[in-house]
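Each remark here refers to the structure printed beneath this line.
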Amino acid sequence: MTNRPHTLSPGRRTVLRGSLLASAAMTLPAVSGAPAFARSGRPSAEWGVQVGDVSASTALVWVRADRAARMLVETSATESFRRSRLWHGPLIGAGTDFTGTTALHGLPAGEQIHYRVILADPDDPRRTGRPVYGTFRTAPASRRAGARFLWSGDIAGQGWGINPGLGGYTVYEEMRDLDPDFFLCSGDSIYADGVIEPAVTLPDGRIWRNVTTEEKAKVAETLDEYRGNFRYNLLDANVREFNAQVPSIVQWDDHEVRNNWYPGQILDDVRYTEKDVDVLAARSVRAYREYLPVATLRTAPGEGRMHRVVRHGPLLDVFVLDMRSFRNANSPDRQADDTTGILGAEQLRWLKGELSRSRAVWKVIAADMPLGLVVPDGATNFEAVAQGDPGAPLGRELQIAELLRYIKHRRITGTVWLTADVHHTSAQHYLPERAAFKDFAPFWEFVSGPLAAGAFPASALDGTFGPDRVFVEAPTRSNLSPLEMPPLFGEVDIDGASGEMTVRLRQQGGRILFTKVLQPGLTGQ
């Protein structure tokens with residue numbers, strides 16, 4: 001355990017369940033999500049608040065209004081807001097679907113920050129809506145505080161959406177009760193290519209009922225349809241309450257655009273009238289930028305990319321990869337020379353450099369796709385890194401081999417890979433003595449998810465990097481609903497005194513399926 005309490009104080013929990021989350025209890029607009037242009041009164045923020053990419057001194061606060069408004073943020077060290085600081089945010093309007101993000105800076109390290117977002121009438125600043133409250137912890141300046149975070153992915157997939165009869169996405173309530181420093185969303189934060197039907201009949205005859213919206217009745221193609229997909233998950237009160245307490249670090253995978261997409265792809269899918277995936281991806285990334293608080297997606301010079309490092313004090317750096325934007329086309333993936341791979345040459349150089357410069361005890365590599373698990377794309381092509389050939393590296397494996405060799409030879413310590421994507425949970429230990437490629441230090445890869453999607457059988461392993469699947473929890477048939485297999489997420493707890501990292505693979509209902517304790521300061525273990 002870490003050397004700081006993670007449980008909420010009675011006062012803080014009371015506020016979070018009461019006035020702090022007043023907006024989360026409101027009735028949302030019609031599920032189509034259209035702003036209420038004609039409604040009289042003051043601006044409101046019924047979609048809640050979010051905070052993203054929190055460091056020791058900075059954070060990003062997000063909100064969505066029901067009409068044009070000026071975004072204001074107040075921060076304070078106390079719930080009373082007796083002494084507060086005011087931040088002037090953007091004027092938000094139709095150009096960003098009435099969403100806005102305000103950057104906070106100069107925050108105190110390792111402190112609980114209370115904030116409230118106020119929306120003001122742009123023509124009359126005295127006319128303000130009801131404040132929307134939230135709270136988060138900044139990253140610590142000292143390692144003694146430790147660190148704790150959760151990760152998972154795969155939300156509203158395979159037709160399993162918000163089921164009001166079950167209370168919606170109740171796994172978010174369970175995760176919120178663990179009071180993590182942040183949540184790492186490892187991709188597939190929406191399923192833009194997945195239709196949500198009003199009802200689905202399970203194999204045993206039970207009926208799964210979904211909240212539905214106009215935008216979830218077809219695959220997303222237009223900007224408004226992508227926006228509607230991001231709004232869908234915010235219809236759930238559990239998600240809004242979670243967002244108001246737990247900061248996020250987000251990355252994308254394929255379903256934010258379309259299943260198994262890659263740059264330059266031209267679709268032969270009859271569901272799409274727009275066949276150019278690059279056009280769809282541009283619309284998706286705009287909606288992603290509007291609906292998620294992510295610093296590096298701003299359009300300032302030198303920014304606009306997904307991959308980044310989020311630093312969480314002396315103990316932890318999170319390296320957020322983009323395994324989608326720079327990849328080559330999905331193929332049999334057995335080419336003997338591949339400089340593009342799954343990361344692209346520039347991102348690989350960036351990752352090497354950032355890993356070398358990192359002084360954090362633990363270097364979590366947040367990968368939206370696994371390394372040694374085989375993920376097919378049709379009968380002959382492959383979607384992830386592995387392609388099922390257990391011999392020497394080929395195709396995209398060449399790039400990963402180069403990275404693993406670099407980590408070993410530079411004696412970079414404390415690397416751990418976290419991912420989702422495959423809709424089951426597992427722990428793989430990679431060892432050169434078992435591998436066809438041997439020039440690397442041993443490491444662990446942990447997989448979690450789905451959080452709110454269908455569960456699938458365990459993926460096959462590829463022996464190139466010598467993985468041993470130490471643990472797996474997976475169904476024996478495809479697309480089990482969350483009723484049949486409860487949601488899965490992972491927890492990472494770094495002890496401030498010893499520096500030990502404890503990884504737990506969890507399942508909703510309080511079940512800890514697997515635990516692994518890793519020691520700090522080692523190049524491989």
Side-chain angles (χ1 to χ4, degrees), residues 150-163 165-175 183-197 199-210 216 232-233 236 238-239 253-256 259-260 367-370 372-377 383-384 386 418-428 445-461 469-491 503-514:
L150 308 178
W151 93 94
S152 190
D154 316 313
I155 304 161
Q158 290 74 49
W160 312 113
I162 301 168
N163 188 330
L166 299 178
Y169 297 146
T170 55
V171 65
Y172 280 88
E173 173 70 10
E174 183 170 318
M175 293 195 301
F183 172 63
L184 169 62
C185 184
S186 300
D188 294 342
S189 55
I190 61 168
Y191 277 72
D193 57 336
V195 172
I196 298 290
E197 301 286 356
V200 182
T201 302
L202 303 184
D204 61 7
R206 288 181 293 174
I207 304 296
W208 176 281
R209 302 194 184 278
N210 287 310
K216 292 302 297 177
Y232 180 82
N233 291 331
D236 186 84
N238 303 290
V239 172
D253 191 27
D254 55 337
H255 290 285
E256 283 84 0
N259 186 46
N260 294 358
D368 46 290
M369 304 219 71
L373 278 62
V374 180
V375 184
D377 180 17
E383 158 73 349
L418 300 182
T419 188
D421 181 72
V422 290
H423 294 240
H424 59 262
T425 189
S426 65
Q428 286 80 234
E445 173 188 53
F446 300 96
V447 181
S448 194
L451 200 58
F456 283 78
S459 304
L461 288 183
R469 188 151 46 200
V470 177
F471 173 81
V472 63
E473 179 82 1
T476 56
R477 61 181 178 86
S478 296
N479 197 19
L480 266 65
S481 74
L483 266 178
E484 299 162 287
M485 184 169 179
L488 299 159
F489 61 96
E491 178 185 26
V503 181
R504 301 181 184 94
L505 301 179
R506 306 184 67 121
Q507 187 168 45
Q508 184 177 7
R511 294 184 63 201
I512 298 176
L513 305 173
F514 175 79

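From a predicted model like this one, the values you see are computed outputs, not experimental measurements.
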One should read off an interatomic distance between F489 CZ and M175 CE, to the nearest 0.5 angstrom, of 6.5 Å

_Audit row: Q428, V447, side chain to side chain contact (heavy atoms under 4.5 Å, CB included) steps and yes/no_ = CA-CA 8 Å; Q428 286 80 234; V447 181; 3.7 Å; yes

Contacts of R206 meeting salt bridge (Lys or Arg N to Asp or Glu O under 4.0 Å) (sequence neighbours excluded), chain-then-number -> D204

Between S426 and E445, is there a side-chain heavy-atom distance shorter than 4.5 Å? no

Side chains of N210 and K216: does their closest heavy-atom pair fall under 4.5 Å?
-> no

Given the options N233, D236, N238, Y169 meets side-chain hydrogen bond (donor to acceptor under 3.5 Å, both in side chains) only with N233

Heavy-atom side-chain contact between E256 and D368 under 4.5 Å: no

Of all heavy-atom pairs linking L451 and Y172, the shortest is CD2-OH, 3.5 Å

Q.
What I'd like to find out is whether the side chain of F446 reaches to under 4.5 Å of the side chain of W151, using heavy atoms alone.
A. yes

One should read off an interatomic distance between S448 OG and E491 CD, to the nearest 0.5 angstrom, of 11.0 Å

Are there over 12 heavy-atom neighbours, none belonging to R469, within less than 6.0 Å of that residue's CZ? yes

Does a side chain donor of either T170 or Q508 reach within less than 3.5 Å of an acceptor in the other side chain?
yes

Correct closest heavy-atom pair for T419 and A367 would be OG1-O, 2.6 Å

Closest non-hydrogen contact found for Q507 with E174 is O-OE2, 3.7 Å

Margin query: One pair to check against side chain to side chain contact (heavy atoms under 4.5 Å, CB included): L461 and L373. What are the steps and the verdict?
Written below: CA-CA 5 Å; L461 288 183; L373 278 62; 3.8 Å; yes

Q) Where does the angle between the aromatic ring planes of H423 and Y191 fall among parallel (under 30°), tilted (30 to 60°) and perpendicular (over 60°)? A) perpendicular

Taken to the nearest 0.5 Å, the spacing of I162 CD1 from Y232 OH works out to 4.0 Å

Which side-chain N or O atoms in residues 476-483 pair as donor and acceptor under 3.5 Å with protein atoms at least two apart or in another chain?
residue : atom : partner : partner atom : Å
R477    : NH2  : E484    : OE2          : 2.4
N479    : OD1  : W160    : NE1          : 2.8
S481    : OG   : L483    : N            : 3.2
S481    : OG   : E484    : N            : 3.3
S481    : OG   : E484    : OE1          : 3.0

Shortest non-hydrogen pair, G449 vs D154, comes out as CA-OD2, 4.0 Å

Non-hydrogen side-chain atoms of M485 and H424 separated by less than 4.5 Å: no

Heavy atoms of A386 and V374 approach each other most closely as CB-CG2, 4.2 Å

In D193, N260, D421, the residue satisfying side chain to side chain contact (heavy atoms under 4.5 Å, CB included) with H255 is D193

Correct closest heavy-atom pair for S152 and L488 would be OG-O, 2.8 Å

In this structure, CG of L184 is separated from CG of L150 (nearest 0.5 Å) by 9.5 Å

Under a 4.5 Å cut-off applied to non-hydrogen side-chain atoms, are F514 and V470 in contact? yes

**Study point:** Close side-chain approach of I190 and I155, heavy atoms under 4.5 Å
**Key:** no

